[in-house]
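The structure under discussion appears below in the form of structure tokens.
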Amino acid sequence: MKQSHLLFYFSKLSIFAMCICFVTLFARFFVPVEFLSENLPYYIVMFYVFTAFSYVFLYRNRKTNFVPTFMITKILKFIVYLFALVIVFLLDIETNVKFAVSYCIIFFLFLIFDTITINQLSRRQVEEEKQLKNKEQNEE
């Protein structure tokens, strides 16, 4: 049963990432070239991997104090994304600063998706705890 939650999450995350890829593909027709990068698919993969890793970490540690763990993962992900953006500019991989706009938009889209799905995880945890308490009370 536990594996089905993770598989369901990975399917949702994969569909979300594919939608982002299609949006960026079609954005090339409407958005000026300066705002998009040829490396954008690699950045989407980076966001995908870190989002998946943070969800698995939170899922495995959901019995511990959830809120501090949640905040730590959010802050660490933000630092990694910001660090990646700075490295990209320092190494001259991206030379146009306007690219940061699309990078930040994709960051916020993944952040919103991650927050919504983690909120569902925390609600599921509360429901499981209530059901467990009800079972214990019914057995007594």
Side-chain angles (χ1 to χ4, degrees):
M1 186 76 175
K2 289 182 180 179
Q3 292 296 340
S4 65
H5 292 301
L6 288 175
L7 290 176
F8 179 70
Y9 174 76
F10 278 113
S11 65
K12 283 175 46 175
L13 180 61
S14 298
I15 291 170
F16 178 75
M18 284 188 275
C19 290
I20 296 283
C21 287
F22 282 122
V23 166
T24 57
L25 176 69
F26 291 121
R28 294 199 182 274
F29 298 115
F30 305 108
V31 177
V33 179
E34 303 90 37
F35 288 96
L36 300 173
S37 167
E38 295 175 1
N39 298 323
L40 209 52
Y42 301 113
Y43 302 130
I44 292 172
V45 169
M46 178 189 71
F47 287 120
Y48 178 91
V49 167
F50 281 108
T51 302
F53 178 72
S54 70
Y55 185 84
V56 169
F57 179 75
L58 285 170
Y59 184 79
R60 299 236 184 250
N61 295 320
R62 69 186 184 279
K63 300 295 182 195
T64 61
N65 198 352
F66 187 78
V67 174
T69 309
F70 171 76
M71 290 306 293
I72 288 171
T73 58
K74 288 291 184 190
I75 291 170
L76 286 176
K77 280 180 20 179
F78 180 72
I79 290 170
V80 167
Y81 295 154
L82 191 61
F83 184 71
L85 184 63
V86 168
I87 292 296
V88 162
F89 282 126
L90 288 178
L91 295 179
D92 286 333
I93 296 171
E94 301 293 340
T95 56
N96 196 342
V97 177
K98 292 181 181 179
F99 156 75
V101 173
S102 61
Y103 184 88
C104 289
I105 289 172
I106 292 173
F107 162 71
F108 284 119
L109 289 174
F110 271 93
L111 180 70
I112 291 168
F113 173 82
D114 189 37
T115 304
I116 290 171
T117 53
I118 289 175
N119 188 19
Q120 291 172 350
L121 174 67
S122 66
R123 286 184 182 172
R124 188 177 306 132
Q125 177 185 355
V126 169
E127 289 175 11
E128 288 175 0
E129 288 174 0
K130 284 181 182 178
Q131 288 176 358
L132 185 65
K133 285 180 182 180
N134 287 339
K135 271 186 177 180
E136 289 175 357
Q137 288 176 355
N138 289 338
E139 290 175 0
E140 292 176 356

Are T73 and Y55 close enough that some pair of their side-chain heavy atoms sits under 4.5 Å apart? no
CD1 (I15) and CD1 (I20) are apart, to the nearest 0.5 Å, by 13.0 Å
Residues which pass ring pair (Phe, Tyr, Trp, His ring centres under 6.0 Å) with Y48, listed by chain and number, not counting sequence neighbours: none
Step-by-step side chain to side chain contact (heavy atoms under 4.5 Å, CB included) determination, Y9 to T51: CA-CA 11 Å; Y9 174 76; T51 302; 3.2 Å; yes
Residue Y42 excluded, over 12 heavy atoms near OH under 6.0 Å: no
Using side-chain heavy atoms (C-beta onward) and a distance below 4.5 Å, is V80 in contact with F50? yes
Nearest 0.5 Å please: distance from the CD1 atom of I118 over to the CG atom of D114. 3.5 Å
With L40, which of L25, V45, T24 fulfils side chain to side chain contact (heavy atoms under 4.5 Å, CB included)? T24
Same apolar cluster: L82 and L90, side chain cutoff 4.5 Å: no
One should read off an interatomic distance between S54 OG and I72 CD1, to the nearest 0.5 angstrom, of 13.0 Å
With a 6.0 Å cut-off on ring centres, are Y103 and Y81 close enough? no
Check step by step if side chain to side chain contact (heavy atoms under 4.5 Å, CB included) holds for T115 and K74. CA-CA 9 Å; T115 304; K74 288 291 184 190; 3.1 Å; yes
The ring pair (Phe, Tyr, Trp, His ring centres under 6.0 Å) partners of F78 (sequence neighbours excluded) come to F107
Side chain to side chain contact (heavy atoms under 4.5 Å, CB included), that's the test. Do R60 and L6 meet it? Break it down for me. CA-CA 10 Å; R60 299 236 184 250; L6 288 175; 4.2 Å; yes
